[in-house]
Participant: 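What follows is a structure written as structure tokens; I'll ask about it next.
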Amino acid sequence: MASAHRPTLRLVPATGEEPRSTRWFCGHCGALSDVVPAPPARVCGDCGLGLLLEARDDLVPQAGESFLIVDAALAVQALSAAAERLLAVREQDVVGRPVAELLAPADAEAGGPTGFAHAIHLSARGDDEPHRATVRPANVFGVRMSARVGLCGPPRASLVVLE
Ligand SMILES: [Zn+2]
């Protein structure tokens with residue numbers, strides 16, 4: 001998969017660390033883009049619906065993974081088609097709603113009840129390091145999903161990938 005066109009753009013100002021490898025993906029279908037999109041071309045070429053977003057290699061959704069884009073105020077900004085099916089909601093019904101209406105921290109989460117929200121908050125504010133959390137659908141008990149949470153953009157937001 002290595003490519004000479006692999007983007008290495010930074011999402012956050014330089015901190016003295018080596019730039020991390022990142023990838024662009026569609027916020028609707030999750031398709032990966034090998035080229036860095038120019039601003040007018042940020043709409044996904046695969047589905048024609050989602051905007052292309054950039055995230056670190058170790059965070060970016062893999063084929064078939066469900067994911068959400070959440071802002072620093074913990075409001076849902078976008079939801080992948082796979083996440084719509086997984087959580088049995090439609091994107092247009094949940095955009096702008098609190099993510100807590102869709103996902104709750106799983107009881108056994110080591111970080112306590114605020115761990116999931118804290119990870120979203122940190123990454124949406126520009127923390128470049130991915131976090132892990134255990135969550136469940138807000139209205140379903142007994143189901144646990146592992147999630148990775150980290151920075152994506154632009155605009156800067158938190159990417160929550162359900163595994
Ligand atoms: Zn797409």
Side-chain angles (χ1 to χ4, degrees), residues 1-12 19-103 116-117 119-133 135-140 143 145-163:
M1 289 295 289
S3 155
H5 302 101
R6 251 173 129 68
T8 53
L9 292 189
R10 303 186 64 90
L11 288 166
V12 292
R20 298 216 180 239
S21 179
T22 62
R23 302 219 49 187
W24 289 80
F25 66 98
C26 169
H28 182 72
C29 72
L32 293 172
S33 172
D34 283 330
V35 294
V36 175
R42 275 187 60 203
V43 174
C44 171
D46 273 50
C47 69
L49 293 170
L51 285 186
L52 294 173
L53 297 163
E54 186 182 24
R56 260 171 61 158
D57 269 354
D58 52 357
L59 177 67
V60 82
Q62 304 301 303
E65 280 188 319
S66 301
F67 62 88
L68 298 82
I69 311 295
V70 184
D71 69 16
L74 304 182
V76 175
Q77 295 303 300
L79 191 70
S80 74
E84 285 183 312
R85 290 191 294 273
L86 179 70
L87 300 171
V89 295
R90 292 182 307 169
E91 183 179 46
Q92 63 263 37
D93 293 335
V94 297
V95 166
R97 306 296 306 165
V99 67
E101 291 183 2
L102 297 180
L103 293 172
F116 177 52
I120 292 174
H121 188 72
L122 282 180
S123 49
R125 304 279 236 141
D127 179 8
D128 191 32
E129 205 56 43
H131 301 265
R132 299 204 66 87
V135 297
R136 62 173 174 82
N139 55 359
V140 180
V143 175
M145 295 179 287
S146 186
R148 54 186 196 273
V149 180
L151 173 65
C152 74
R156 188 180 285 178
S158 179
L159 168 62
V160 178
V161 183
L162 302 172
E163 300 174 347

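Only a predicted model underlies this, so the values are computations on that prediction, with no experimental measurement involved. Residue numbers start at 1 and run along the sequence shown. Indexing begins at 1, ligand by ligand and atom by atom, following the structure's order.
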Participant: Which atoms of the protein, restricted to N, O or S, are nearer than 2.8 Å to the Zn ion (ligand 1)?
Facilitator: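 Protein N, O or S atoms closer than 2.8 Å to the Zn ion (ligand 1): C26 SG, C29 SG, C44 SG, C47 SG.
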
Participant: Before you tell me yes or no, could you show the steps for E129 and R56 under salt bridge (charged side-chain N to carboxylate O under 4.0 Å, His left out), namely the whole-Å CA-CA distance, both residues' side-chain angles and the distance that decides it to 0.1 Å?
Facilitator: CA-CA 9 Å; E129 205 56 43; R56 260 171 61 158; 3.6 Å; yes

Participant: With heavy-atom distances below 4.5 Å as the criterion, would you say the side chains of M145 and L86 are in contact?
Facilitator: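 In short, these two side chains touch, coming nearer than 4.5 Å.
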
Participant: Side chains of Q77 and L68: closer than 4.5 Å at any heavy-atom pair?
Facilitator: no

Participant: Please examine the side chains of C152 and I69, heavy atoms only from C-beta on, and report whether any two atoms are closer than 4.5 Å.
Facilitator: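 Yes, close enough: below the 4.5 Å cut-off.
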
Participant: Hey, does V149 have a side-chain heavy atom less than 4.5 Å from the side chain of V70?
Facilitator: no

Participant: May I have the step-by-step check of salt bridge (charged side-chain N to carboxylate O under 4.0 Å, His left out) for D71 and R156, ending in yes or no?
Facilitator: CA-CA 8 Å; D71 69 16; R156 188 180 285 178; over 6 Å; no

